[in-house]
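Right, one structure below, let's go through it.
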Amino acid sequence: KAGVTQTPRYLIKTRGQQVTLSCSPISGHRSVSWYQQTPGQGLQFLFEYFSETQRNKGNFPGRFSGRQFSNSRSEMNVSTLELGDSALYLCASSLQATNTEAFFGQGTRLTVV
Amino acid sequence: GEDVEQSLFLSVREGDSSVINCTYTDSSSTYLYWYKQEPGAGLQLLTYIFSNMDMKQDQRLTVLLNKKDKHLSLRIADTQTGDSAIYFCAEKPNQGGKLIFGQGTELSVKP
């Protein structure tokens with residue numbers, strides 16, 4: 001069974017641009033969560049989607065948004081990029097929203113210059 | 001509030017046991033987790049424990065939970081150089097999927 005797939009693995013963007021990251025969960029999993037990992041702030045929860053609905057949102061500005069499609073694939077978008085948005089963005093997939101086990105992808109390393 | 005604390009570094013010799021500690025604040029947490037992250041990689045789920053359990057053993061890994069003190073530990077028996085990584089403790093505070101992570105403990109295993 002394939003794991004969680006995140007694309008692209010690496011991305012370099014310029015300040016002010018926008019970016020879209022993609023996450024394909026494990027087959028059959030319907031819940032997707034996103035996290036931002038930085039050396040200073042550690043791992044912080046961005047949002048959680050289940051059955052195309054956002055169930056939970058972390059404390060991030062409105063420049064960060066996401067969505068989930070009917071096939072459970074999810075995208076997150078960051079608009080008007082800032083240098084501080086440079087981070088590893090991780091996606092986690094679970095069978096259900098209340099499921100015990102969350103499996104993470106390899107992440108997308110975003111660098112904003 | 002939601003907060004998870006871990007010590008930042010641990011160094012052990014190959015073959016010794018490693019014990020990584022974690023404290024959390026949310027007494028309503030349903031599950032507590034240990035994840036491993038190797039350089040350049042995502043998070044690998046190692047094990048988890050339900051909040052009404054005291055201990056869980058899985059091969060070389062033993063998780064101990066003291067709910068009264070909100071203290072969680074991960075013991076790795078016979079630590080190998082391949083165990084060198086960052087270990088994250090996380091709590092799941094409610095029925096949703098959100099996880100609250102600690103800062104991570106960098107485990108260094110010396111031959």
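- Using a 4.5 Å cut-off between heavy atoms, B:Gln44 makes no contact with chain A at all.
- Between the A:Ser74 side chain and the A:Cys23 main chain, no donor and acceptor come within less than 3.5 Å of each other.
- The closest donor-acceptor contact from the side chain of B:Gln103 to the backbone of B:Gln6 lies under 3.5 Å.
- Without hydrogens or angle criteria, A:Ser72 side chain to A:His29 main chain gives a donor-acceptor distance under 3.5 Å.
- Within the 4.5 angstrom heavy-atom criterion, only side-chain atoms of A:Arg9, from C-beta onward, approach chain B.
- For the side chain to side chain contact (heavy atoms under 4.5 Å, CB included) test with B:Leu107, the passing option among B:Ser84, B:Ser18, B:Ser11 is B:Ser18; the others fail.
- Only the side chain of A:Leu88 comes within contact range of chain B, judged by heavy atoms closer than 4.5 Å.
- In terms of modelled atom types and a separation under 3.5 Å, the side chain of A:Thr108 and the main chain of A:Pro8 share a donor-acceptor contact.
- Proximity to chain A (any heavy atom under 4.5 Å) is shown, for B:Leu43, by both the backbone and the side chain.
- At a 4.5 Å heavy-atom cutoff, the contact between A:Glu101 and chain B is made by backbone and side-chain atoms alike.
- Residue with the most contacts toward chain B among A:Phe103, A:Tyr35, A:Phe47: A:Tyr35 (heavy-atom pairs, distance under 4.5 Å).
- Only the side chain of A:Leu90 has a heavy atom closer than 4.5 Å to any heavy atom of chain B.
- In this pair, B:Phe50 and B:Tyr31 present their aromatic rings tilted. The plane angle is within the 30 to 60° band.
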